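Being a predicted model, the structure only gives us computed values, none of them experimental.
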Amino acid sequence: MDEAVKLLKKNPGAKLLAGGHSLIPSMKLRVAQPTALVDIGRIKGLSGIKATSKSLKIGALTTHNAVATSMDVKEKCAILAEAAVLIADQQIRNRGTIGGSLAQADPAADYPTLIIALDATITVIGSKGERQIAAADFFKDLFTTALAESEIITSVTVPVYGAGTGGAYLKMKHPASGFAVVGVAALITVSGGKCTDVRLAVGGATSNPVRVSDAEAALKGKEPNDANIVAAAAHVAGSLGYAMGDYYASAD
């Protein structure tokens with residue numbers, strides 16, 4: 001790890017290579033043109049999932065398939081496992097990593113929307129040591145994050161949600177790539193027949209995932225019936241602020 005950090009610092013403009021399934025397509029399209037590649041794929045201790053009663057700590061090199069098939073993830077944070085199954089195809093899920101996806105910050109990726117909704121924490125290490133970055137502070141712009149040039153994601157920590165809380169992730173996916181034209185993550189806690197906590201995030205439509213706070217507020221404290229859900233959904237477009245148009249779909 002120390003060697004990787006030193007190489008990043010020594011080569012300004014270098015990029016990390018993990019699974020490669022976020023970076024290499026961007027290089028093919030000339031979206032990314034790194035000065036050098038630093039391969040971290042064989043650094044020990046960067047993969048695996050550790051579960052406690054309160055959180056899941058997922059190593060940055062953990063593959064999408066490992067997240068999708070982990071019994072700990074399925075039991076303690078099912079929405080994450082369900083979303084991982086929807087990423088691309090089996091070959092990519094066997095190679096692509098959660099850390100690589102987050103560092104790339106592709107607006108059409110799935111994990112960024114999930115970790116925003118989950119209020120996850122990203123642990124990184126660099127020449128100045130280790131630090132934690134809240135998911136809400138991690139994504140800065142299109143393909144841009146809070147990572148310094150010499151920093152590497154080491155793990156992602158997501159809270160465990162218990163009884164009374166359920167989640168779902170749905171996306172309108174591009175038929176060829178499986179990328180999210182629009183993806184939506186929802187986490188709802190119900191107590192006494194009413195929504196006591198509501199977290200809704202939308203990805204793909206904007207440069208970074210967005211928490212749709214007006215829609216959250218419209219549902220919080222209400223019964224989770226069809227009428228209240230429809231009323232809350234009506235607030236989503238206004239909460240986004242703007243939408244990106246591209247050749248997959250217009251902004252409207």
Side-chain angles (χ1 to χ4, degrees), residues 15-34 58 60 62-69 73 77-118 120 135 138-145 153 156 158 167-187 199-212 215 233 236-252:
K15 288 283 189 181
L16 293 173
L17 183 66
H21 285 286
S22 292
L23 178 60
I24 290 173
S26 295
M27 291 173 65
K28 285 182 176 180
L29 295 170
R30 303 296 189 267
V31 173
Q33 299 184 56
I58 305 170
T62 306
T63 64
H64 310 321
N65 188 61
V67 174
T69 57
V73 178
C77 189
I79 187 175
L80 199 56
E82 291 166 6
V85 172
L86 301 177
I87 296 173
D89 54 40
Q90 189 65 49
Q91 289 92 331
I92 288 175
R93 289 194 293 273
N94 284 340
R95 290 284 299 170
T97 65
I98 187 169
S101 176
L102 296 177
Q104 183 74 355
D106 191 320
D110 300 292
Y111 281 135
T113 306
L114 267 294
I115 71 153
I116 288 287
L118 287 165
F138 185 76
F139 302 103
K140 297 298 185 182
D141 205 344
L142 201 67
F143 295 102
T144 306
T145 70
I153 297 175
V156 182
V158 298
Y169 177 73
L170 298 173
K171 65 176 175 177
M172 173 68 72
K173 63 181 182 179
H174 185 265
S177 66
F179 273 124
V181 178
V182 178
V184 180
L187 282 162
R199 282 178 273 166
L200 304 169
V202 175
T206 54
S207 57
N208 297 134
V210 175
R211 282 279 295 269
V212 285
V236 170
S239 292
L240 293 180
Y242 75 100
M244 297 188 301
D246 55 29
Y247 59 87
Y248 298 151
S250 69
D252 286 341

Roughly how far, to the nearest 0.5 Å, is [atom2] of [Y] from [atom1] of [X]?
X	Y	atom1	atom2	value
L114	E82	CG	CD	9.5 Å
T145	F138	OG1	CZ	4.0 Å
F143	S207	CZ	OG	10.5 Å
T63	R95	OG1	CZ	10.0 Å
L16	I153	CG	CD1	9.0 Å
D89	H21	CG	NE2	8.5 Å

Give the minimum heavy-atom separation between [X] and [Y], together with the two atoms involved.
X	Y	answer
I79	A186	CD1-O, 3.7 Å
S239	V210	O-CG1, 3.9 Å
I58	V67	CG2-CG2, 4.3 Å
T206	L240	CG2-O, 4.2 Å
P209	T113	CG-N, 3.7 Å
P34	K15	CB-CG, 3.5 Å

Using side-chain contact (heavy atoms from CB on, under 4.5 Å) as the criterion, list what pairs up with I24, not counting sequence neighbours.
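Partners of I24 by the side-chain contact (heavy atoms from CB on, under 4.5 Å) criterion, ordered by chain and then number, come out as L17, K28.
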I'd like to check the side-chain contact (heavy atoms from CB on, under 4.5 Å) partners of P25; sequence neighbours left out, ordered by chain and number.
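Partners of P25 under the side-chain contact (heavy atoms from CB on, under 4.5 Å) test: none.
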Pairwise side-chain contact, V85 with H64, heavy-atom cut-off 4.5 Å (strictly under)
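Result no, sub-4.5 Å side-chain heavy-atom pair not found.
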Are N65 and Q90 close enough that some pair of their side-chain heavy atoms sits under 4.5 Å apart?
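A side-chain contact under 4.5 Å exists here.
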Output side-chain donor-acceptor pairs under 3.5 Å for residues 96-110, partner residues at least two apart or in another chain, one line each.
unit_1: T97; atom_1: OG1; unit_2: G100; atom_2: N; d: 3.0
unit_1: Q104; atom_1: NE2; unit_2: S22; atom_2: O; d: 3.3
unit_1: Q104; atom_1: NE2; unit_2: S26; atom_2: OG; d: 2.5
unit_1: D106; atom_1: OD1; unit_2: A108; atom_2: N; d: 2.9
unit_1: D110; atom_1: OD1; unit_2: Y169; atom_2: OH; d: 2.5
unit_1: D110; atom_1: OD1; unit_2: K171; atom_2: NZ; d: 3.2
unit_1: D110; atom_1: OD2; unit_2: K171; atom_2: NZ; d: 3.1

Against V73, only a single residue in T62, V158, L80 fulfils side-chain contact (heavy atoms from CB on, under 4.5 Å); can you say which?
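It is L80, the one option of T62, V158, L80 that forms the side-chain contact (heavy atoms from CB on, under 4.5 Å) with V73.
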Run the side-chain contact (heavy atoms from CB on, under 4.5 Å) test on Y111 and V156 for me, step by step, so that the C-alpha distance in whole Å, both residues' side-chain angles and the decisive distance to 0.1 Å come before the verdict.
CA-CA 11 Å; Y111 281 135; V156 182; over 6 Å; no
Please list, chain by chain and in numerical order, all residues satisfying salt bridge (charged side-chain N to carboxylate O under 4.0 Å, His left out) with R93, sequence neighbours excluded.
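Not a single residue meets the salt bridge (charged side-chain N to carboxylate O under 4.0 Å, His left out) criterion with R93.
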List the residues meeting salt bridge (charged side-chain N to carboxylate O under 4.0 Å, His left out) with R199, not counting sequence neighbours, and say none if there are none.
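Once residues adjacent in sequence are excluded, the partners of R199 under the salt bridge (charged side-chain N to carboxylate O under 4.0 Å, His left out) criterion are D119, D197.
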T144: what forms a side-chain hydrogen bond (donor to acceptor under 3.5 Å, both in side chains) with it, not counting sequence neighbours?
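Applying side-chain hydrogen bond (donor to acceptor under 3.5 Å, both in side chains) to T144 gives none.
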Using the side-chain contact (heavy atoms from CB on, under 4.5 Å) rule, take I116 and R211 through it: C-alpha gap first, then chi angles, then the decisive distance, then the call.
CA-CA 7 Å; I116 288 287; R211 282 279 295 269; 3.5 Å; yes
